[in-house]
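Contents: one structure, followed by commentary.
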Amino acid sequence: QQQVKQSPQSLIVQKGGIPIINCAYENTAFDYFPWYQQFPGKGPALLIAIRPDVSEKKEGRFTISFNKSAKQFSLHIMDSQPGDSATYFCAATYGVDSSYKLIFGSGTRLLVRP
Amino acid sequence: DAGVTQSPTHLIKTRGQQVTLRCSPKSGHDTVSWYQQALGQGPQFIFQYYEEEERQRGNFPDRFSGHQFPNYSSELNVNALWLGDSALYLCASSLLVADRDEKLFFGSGTQLSVL
């Protein structure tokens with residue numbers, strides 16, 4: 001119940017394409033869903049986050065779509081660029097006291113070809 | 001403004017040894033969390049420190065222990081190392097009392113190899 005399942009494991013798109021990364025969860029107590037971007041040799045960096053009271057959130061070229069009934073959420077990267085090539089992690093947590101105890105997905109390695 | 005800094009960046013140990021990893025949080029942050037990231041996996045929560053006390057702990061054995069100092073810096077100690085402890089160890093800092101949209105800042109990690 002504490003797992004967050006992420007797919008696909010890897011993704012290759014051409015520059016300008018819209019890669020989509022999907023995550024699913026079981027624990028309905030989760031109430032905060034962030035996405036992180038990680039480059040080789042670096043720690044994860046927060047990209048965008050959503051709470052279950054909204055179905056979509058956009059920040060720049062990054063969009064989260066959230067489906068509460070299906071217990072799924074996804075990350076879309078508009079007009080993808082080679083600089084977006086990185087590993088992306090979805091995560092989830094619940095409760096104020098657990099806000100730093102993130103449950104991460106297994107990651108998606110994205111390659112954007114020029 | 002320095003972000004989260006971790007030392008050392010790389011470390012090689014042998015089975016049965018003990019290791020200490022260090023973390024300095026981002027300026028102004030009072031909470032430090034530690035995560036373990038195995039190769040090809042997402043980070044896993046080890047524990048969180050605030051006011052020099054462990055507040056929360058993930059599913060890690062007692063071989064993993066930590067400490068937070070009055071200046072908010074932190075150490076992660078792992079005793080009796082075994083091969084499965086080889087991983088990237090990440091430190092993350094934030095403010096305890098903050099909207100959860102406040103970013104959780106991660107350091108670049110310490111890559112630990114156990115031979």
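Each chain gets a letter, A, B and so on, in the order its sequence line appears, and its residues count up from 1. Note: hydrogens, waters and symmetry copies are ignored here, and every other heavy atom, side chains too, is used. Only a predicted model underlies this, so the values are computations on that prediction, with no experimental measurement involved.
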*With a cut-off of 6.0 Å (strictly less than), are more than 12 heavy atoms of other residues, nucleotides or ligands near CZ of B:R57?*
yes
*asked:* Counting only non-hydrogen atoms closer than 4.5 Å, does B:Q37 touch chain A with its backbone (N, CA, C, O), its side chain (CB onward), both, or neither?
replied: side chain
_I'd like to check the salt bridge (charged side-chain N to carboxylate O under 4.0 Å, His left out) partners of A:E59; sequence neighbours left out, ordered by chain and number._
A:K57
Donor-acceptor contacts, no H, no angles, side chain residues 69-77 of chain A, under 3.5 Å, sequence neighbours left out:
from, atom 1, to, atom 2, distance (Å)
A:S69, OG, A:N67, OD1, 2.8
A:S74, OG, A:H76, NE2, 3.2

*Region of B:L88 in contact with chain A, defined by heavy-atom distances below 4.5 Å*: side chain
*Please check if B:I46 and B:L104 belong to a single hydrophobic cluster, counting links between Ile, Leu, Val, Met, Phe, Trp and Tyr side chain heavy atoms closer than 4.5 Å.*
no
*So, for B:F45 and A:K101, which heavy atoms are closest and what is the spacing to 0.1 Å?*
CD2-CG, 3.5 Å
*Step by step, would you call B:F105 with A:L46 a side-chain contact (heavy atoms from CB on, under 4.5 Å)?*
CA-CA 8 Å; B:F105 285 86; A:L46 179 66; over 6 Å; no
*asked:* Are there residues of residues 107-115 of chain B whose heavy atoms fall under 4.5 Å of chain A's heavy atoms? If so, which?
replied: B:G107, B:S108
*asked:* Do B:F47 and B:V4 land in one hydrophobic cluster if side-chain heavy atoms of ILVMFWY residues count as linked below 4.5 Å?
replied: no
*Joint cluster assignment, B:L21 & B:Y49, ILVMFWY side-chain distance < 4.5 Å*: yes
_Contact summary for A:G43 and B:L90, nearest pair of heavy atoms_ = CA-CD2, 4.0 Å
_Applying a heavy-atom distance below 4.5 Å, give me the residues of residues 103-114 of chain A that approach chain B, sorted by number._
A:F104, A:G105, A:S106
*Minimal non-hydrogen separation, A:F89 against B:G42, with atom names*: CE2-CA, 3.3 Å
*Value rounded to 0.5 Å, distance of NZ in A:K42 from CZ in B:F106*: 15.0 Å
*Check whether more than 12 heavy atoms from other residues, nucleotides or ligands sit under 6.0 Å from atom CG of A:D53, and answer yes or no.*
yes
_Proximity breakdown for A:Q6 and chain B, heavy-atom pairs closer than 4.5 Å_ = neither
*Are more than 12 heavy atoms from other residues, nucleotides or ligands located less than 6.0 Å from atom OH of B:Y72?*
no
*What heavy-atom pair brings B:Y35 and A:L102 nearest, and what distance separates the two atoms?*
OH-N, 3.0 Å
_Starting from B:F64, can I reach B:Y50 by hopping between I/L/V/M/F/W/Y residues whose side chains sit under 4.5 Å apart?_
no
*Verify the cluster assignment for A:I50 and A:I20: are they in a single hydrophobic cluster under the rule of side-chain heavy atoms below 4.5 Å apart?*
no
